Amino acid sequence: EISWNLMIAGCVRHGHSEEALRLLSEMQGMNMKEDKFIFASVLSACSALAALEQGRQVHARIITSGINWDVFLGSSLLDMYAKCGRMDDAVEVFESMPERDDYMWTALITGYVNCGSIEDAYRIFGRIPEQNVVSWNAMISGHVKNGQDEEALTLYCKMQRAGIRADKVTLASVISACVGIKALEQGKQIHAHISKTNCVFDIVVGSALTDMYAKCGSTEHACQLFDEMPERDRISWNTMITVYASCGRISDARRVFDEMQEKN
RNA sequence: UUGGAUGGCCUG
């Protein structure tokens, strides 16, 4: 029944993972048969909640349902184990899949990164037949998550030398690396590079740059960037309020805060 | 028009 699929997928997309799992139980209580779309969605919900036990139950149900594995199901399952910190199970899923794709490789990398095993992440990265921008991003942000900002920036250089074009995910990560080591000059260079090659006005990249300028001591650049941004979201507002608040410009912080209230 | 991986602030 297609509307169950739509409801469950909708819940997961909007971050209502618990509701998605509740709908699954309801469906199962009515003896309705799940399909591979449902399974992939609810596995994604389990990943978001790091709900290992429910993920395992879904895994068992997939097997008993006799559904054929595909790369969507396989990577969803792998990602569930990885997000639950069960890298042994994640690897077992990976090894048992008849077909592998980029999503599975990246899920493994991220799993190791989140366990703090950057060496294992690199080992996986090196085994990928053809690294794409997402696998590079996973390694770069992996360094940042582990407090290795210099290494993140070094890897970003290597990525460029390998001829992989940075996307907004790459840029947000390397800008964040600049913040960690207060590398204003390097941050400015990245900003200049973005102006030539990418869209400076992506809200995430823009907020990352705003934060970078402020934390590297250039409040005026931060304000200017924020004013130039064509859109705002919760995080960009919060970034700007924090910029002012942390340098003692309380009335400016208040002004931005009020502006935020008006526009929402 | 149904499913999967990597990104920014604050809490830290």
Side-chain angles (χ1 to χ4, degrees), chain A residues 1-13 20 34-48 58 62 67 69-80 82-83 90 93-94 97 100-111 113-114 121 124-125 128 131-145 147 152 156 159 164 166-180 198 202-215 222 225-226 229 232-246 253 256 260:
Chain A
E1 174 56 43
I2 192 76
S3 52
W4 284 94
N5 297 39
L6 290 172
M7 280 195 295
I8 292 176
C11 286
V12 176
R13 256 205 314 277
E34 315 91 326
D35 66 10
K36 59 182 179 177
F37 297 96
I38 300 268
F39 284 134
S41 284
V42 295
L43 282 170
S44 173
C46 293
S47 296
V58 174
I62 293 171
I67 279 178
W69 290 99
D70 66 14
V71 288
F72 286 80
L73 259 190
S75 66
S76 306
L77 183 64
L78 194 162
D79 186 53
M80 184 279 293
K83 292 262 162 63
V93 170
F94 182 79
M97 284 299 137
R100 293 167 189 169
D101 73 358
D102 298 345
Y103 282 68
M104 297 188 198
W105 290 107
T106 309
L108 278 180
I109 289 177
T110 307
V113 161
N114 292 337
I124 299 298
F125 183 70
I128 302 179
Q131 292 123 345
N132 62 17
V133 64
V134 178
S135 35
W136 283 91
N137 288 347
M139 288 305 310
I140 291 170
S141 70
H143 278 305
V144 177
K145 282 180 198 162
Y156 170 59
M159 173 179 161
I164 306 290
D167 66 7
K168 51 199 171 126
V169 176
T170 322
L171 297 168
S173 295
V174 294
I175 293 164
S176 165
C178 292
V179 174
N198 297 72
D202 175 79
I203 187 152
V204 177
V205 172
S207 310
L209 282 170
T210 302
D211 183 55
M212 185 279 294
Y213 278 118
K215 291 196 178 137
L225 237 159
F226 181 76
M229 296 296 297
R232 332 238 98 137
D233 67 7
R234 216 196 102 255
I235 294 182
S236 69
W237 283 116
N238 207 3
T239 301
M240 201 56 222
I241 292 167
T242 305
V243 168
Y244 283 128
S246 60
V256 176
M260 175 183 75

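Chain identifiers are assigned alphabetically (A, B, ...) following the order of the sequence lines, protein sequences preceding nucleic acid strands; residue numbering begins at 1 within each chain. No experiment lies behind these values; they were computed from the predicted model shown.
Every side-chain hydrogen bond (donor to acceptor under 3.5 Å, both in side chains) that A:Asp35 has, sequence neighbours left out, goes to A:Asn5. With sequence neighbours excluded, no residue forms a side-chain hydrogen bond (donor to acceptor under 3.5 Å, both in side chains) with A:Gln131. Not counting sequence neighbours, A:Thr106 has no partner by the side-chain hydrogen bond (donor to acceptor under 3.5 Å, both in side chains) test. With sequence neighbours left out, A:Val133 forms a side chain to side chain contact (heavy atoms under 4.5 Å, CB included) with A:Asn137, A:Met159, A:Ile164, A:Asp167, A:Thr170. The side-chain hydrogen bond (donor to acceptor under 3.5 Å, both in side chains) search around A:Lys215 returns A:Asp211, not counting sequence neighbours.
A:Ala40 comes within 4.0 angstrom of a nucleotide base, judged by non-hydrogen atoms across all strands. Across all strands, A:Leu73 comes closer than 4.0 Å to base atoms (heavy-atom distances). Residue contacts shown for A:Leu209 are absent, as no nucleic acid heavy atom lies under 4.0 Å away. Among the atoms of the strands shown, none is found under 4.0 Å from any heavy atom of A:Val243. At a threshold of 4.0 angstrom between heavy atoms, the contacts of A:Asp102 include nucleobase atoms, whether or not backbone atoms are also involved. Within 4.0 Å of A:Asp70, counting heavy atoms only, lies at least one base atom of the nucleic acid. Residue contacts shown for A:Val144 are absent, as no nucleic acid heavy atom lies under 4.0 Å away. A:Asn114 comes within 4.0 angstrom of no nucleic acid atom, judged by non-hydrogen atoms across all strands. If you check every strand for non-hydrogen atoms under 4.0 Å, A:Thr106 touches a base. Residue-level contact check: A:Arg232 touches neither bases nor backbone, having no heavy atom under 4.0 Å from any strand.
Boundaries of the chain A contact region on RNA chain B are B:U2 to B:C10, first to last in 5' to 3' order (nucleotide atom under 4.0 Å from a heavy atom).
Between the side chain of A:Thr239 and the backbone N or O of A:Ile235, at least one donor-acceptor pair lies under 3.5 Å.
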